[in-house]
2 protein chains.
Amino acid sequence: MELLKERIRKDGIIIEDRILKVDNFLNHQLDVELFSEMGKEWKRRFKGKNINKIVTVESSGIAIACITAQHFGNIPVVFAKKQKPNSMDGELFEARVYSFTKEQECYIKISKNYLNEDDCVLIIDDFLASGSAVAGMIDICKQANCTIAGVGIVIEKKFQGGRELVLSQGIQLESLAILEGLKNGEVIFSK
Amino acid sequence: MELLKERIRKDGIIIEDRILKVDNFLNHQLDVELFSEMGKEWKRRFKGKNINKIVTVESSGIAIACITAQHFGNIPVVFAKKQKPNSMDGELFEARVYSFTKEQECYIKISKNYLNEDDCVLIIDDFLASGSAVAGMIDICKQANCTIAGVGIVIEKKFQGGRELVLSQGIQLESLAILEGLKNGEVIFSK
């Protein structure tokens with residue numbers, strides 16, 4: 001998606017050719033107009049699939065998922081929680097996730113009330129790197145016997161293994177910007 | 001806001017006349033169409049104020065803030081973070097917040113890059129009870145010398161002190177549903 005790539009080139013900050021920081025528009029300050037364009041693009045790429053629910057994980061996925069839901073006819077969004085608040089009782093689907101950015105492991109949780117076998121789910125997240133968060137969401141969708149229509153990612157780091165993890169399960173993956181690497185302070189996009 | 005009150009009556013679950021659980025549409029599964037109506041309502045209530053940024057706190061505020069931003073001309077949303085990821089460097093505004101629901105204290109943080117004296121901010125959150133989270137966001141906005149246009153809350157528990165905390169600072173408070181209390185498994189709304 002050209003608009004997104006331009007934005008990454010313009011506002012992305014590269015740290016030590018290792019980290020791409022996009023908190024100017026994607027995960028701290030949020031550009032909702034850009035998110036709407038992304039939602040429109042996923043709607044085009046997942047055309048013909050009867051998606052009736054979006055699943056994401058807190059926190060960075062929530063905004064993108066909600067604005068994307070508007071392009072799929074205001075379908076519900078369910079976000080997996082990392083902590084269990086006191087008010088979250090009842091039965092839960094759970095999956096283990098390891099965050100390389102935060103260097104910690106956690107269990108993500110979705111209430112059994114909000115996912116079931118009638119759901120055809122689009123999984124949305126901001127980044128795909130090793131794929132641990134996405135694998136956790138796929139795991140939860142499988143526990144719920146959902147149909148998984150696909151995975152929509154904003155920025156994929158192609159060199160970290162997440163792509164294979166999704167495709168090997170026969171799931172459609174649509175990343176809006178695919179990074180081959182970071183080199184000399186510049187982003188190298190995949191063709 | 002009548003539509004919201006109806007939804008709370010229909011889908012809210014009251015636990016021991018103490019906790020109102022709304023994770024069916026507000027903070028686990030998300031109804032983006034309802035959020036859009038809420039955004040429209042805040043736009044009406046804060047009419048004439050030159051709001052150019054929305055501030056909220058992760059996680060439950062993010063979705064509401066983003067869809068509300070669409071009604072204010074797609075202005076940027078900045079959400080305060082509870083944890084500091086490795087990629088969040090630079091200087092931060094910080095404020096201490098105590099969550100009664102999670103029974104823990106934390107520091108919420110916003111990068112100094114995303115708030116400054118030119119900003120006229122609308123603070124958005126899902127709940128107002130004791131007001132600790134909102135007080136933290138007000139504190140951060142004051143550190144940044146922002147103008148605070150007001151505070152928009154989805155559900156206010158009037159009996160827990162947050163209202164006085166906001167109004168005593170001369171800040172406009174617009175809660176879309178105000179609870180007087182929970183009694184015999186029913187929600188008592190303020191007139």
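Proteins get letters first, then strands, A, B, ... in listed order; numbering begins at 1 in each.
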In terms of heavy-atom pairs under 4.5 Å with chain B, which of A/Ile64, A/Asn27, A/Leu115, A/Ile13 leads?
->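 Answer, by heavy-atom pair count under 4.5 Å with chain B: A/Asn27.
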Verify the neighbour count for atom CD of A/Glu33: are there more than 12 heavy atoms of other residues, nucleotides or ligands below 6.0 Å?
->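 12 or below, so no.
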Counting only heavy atoms not in A/Glu186, do more than 12 sit closer than 6.0 Å to its CD atom?
->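 Open: at most 12 neighbouring heavy atoms sit under 6.0 Å from CD of A/Glu186.
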Check for me, please, whether [X] and [Y] land in the same ILVMFWY cluster - side-chain distances under 4.5 Å, paths through other members count.
{"X": "A/Ile19", "Y": "A/Ile178", "answer": "no"}
{"X": "B/Ile110", "Y": "B/Ile171", "answer": "yes"}
{"X": "B/Ile188", "Y": "B/Val22", "answer": "no"}
{"X": "A/Ile123", "Y": "A/Tyr107", "answer": "no"}

Go through B/Asn74, B/Ile75, B/Asp31 and name the one with the most non-hydrogen pairs under 4.5 angstrom from chain A.
->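 That would be B/Asn74.
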Looking at B/Ile54, B/Val78, B/Leu30, B/Val55, which one has more heavy-atom pairs under 4.5 Å with chain A than the rest?
->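 Going by pairs under 4.5 Å, I would pick B/Leu30.
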Answer yes or no: is there a side-chain heavy-atom contact under 4.5 Å between B/His28 and A/Lys81?
->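 They are in contact (side-chain heavy atoms under 4.5 Å apart), so the answer is yes.
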Using only heavy-atom distances, determine whether the side chains of A/Gln70 and B/Gln70 contain a donor-acceptor pair under 3.5 Å.
->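 Yes, B/Gln70 and A/Gln70 have a side-chain donor paired with an acceptor closer than 3.5 Å.
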Which value, rounded to the nearest 0.5 Å, describes the distance between [X] atom [atom1] and [Y] atom [atom2]?
{"X": "B/Gln29", "Y": "A/Asn113", "atom1": "CD", "atom2": "CG", "value": "9.0 Å"}
{"X": "B/Ser59", "Y": "A/Gln83", "atom1": "OG", "atom2": "CD", "value": "9.0 Å"}
{"X": "A/Cys66", "Y": "B/Ile62", "atom1": "SG", "atom2": "CD1", "value": "9.5 Å"}

Checking A/Gln104 against chain B: side chain, backbone, both or neither under 4.5 Å from a heavy atom?
->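 For A/Gln104, side-chain heavy atoms alone lie under 4.5 Å from chain B.
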Please look at A/Lys82 and chain B and tell me whether the side chain, the backbone, both or neither of the residue comes under 4.5 angstrom of a heavy atom of that chain.
->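 Neither; nothing under 4.5 Å.
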Indicate the atoms forming the closest heavy-atom contact of B/Tyr114 with A/Asp23, along with that distance.
->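 Minimum heavy-atom separation between B/Tyr114 and A/Asp23: OH-OD1, 2.8 Å.
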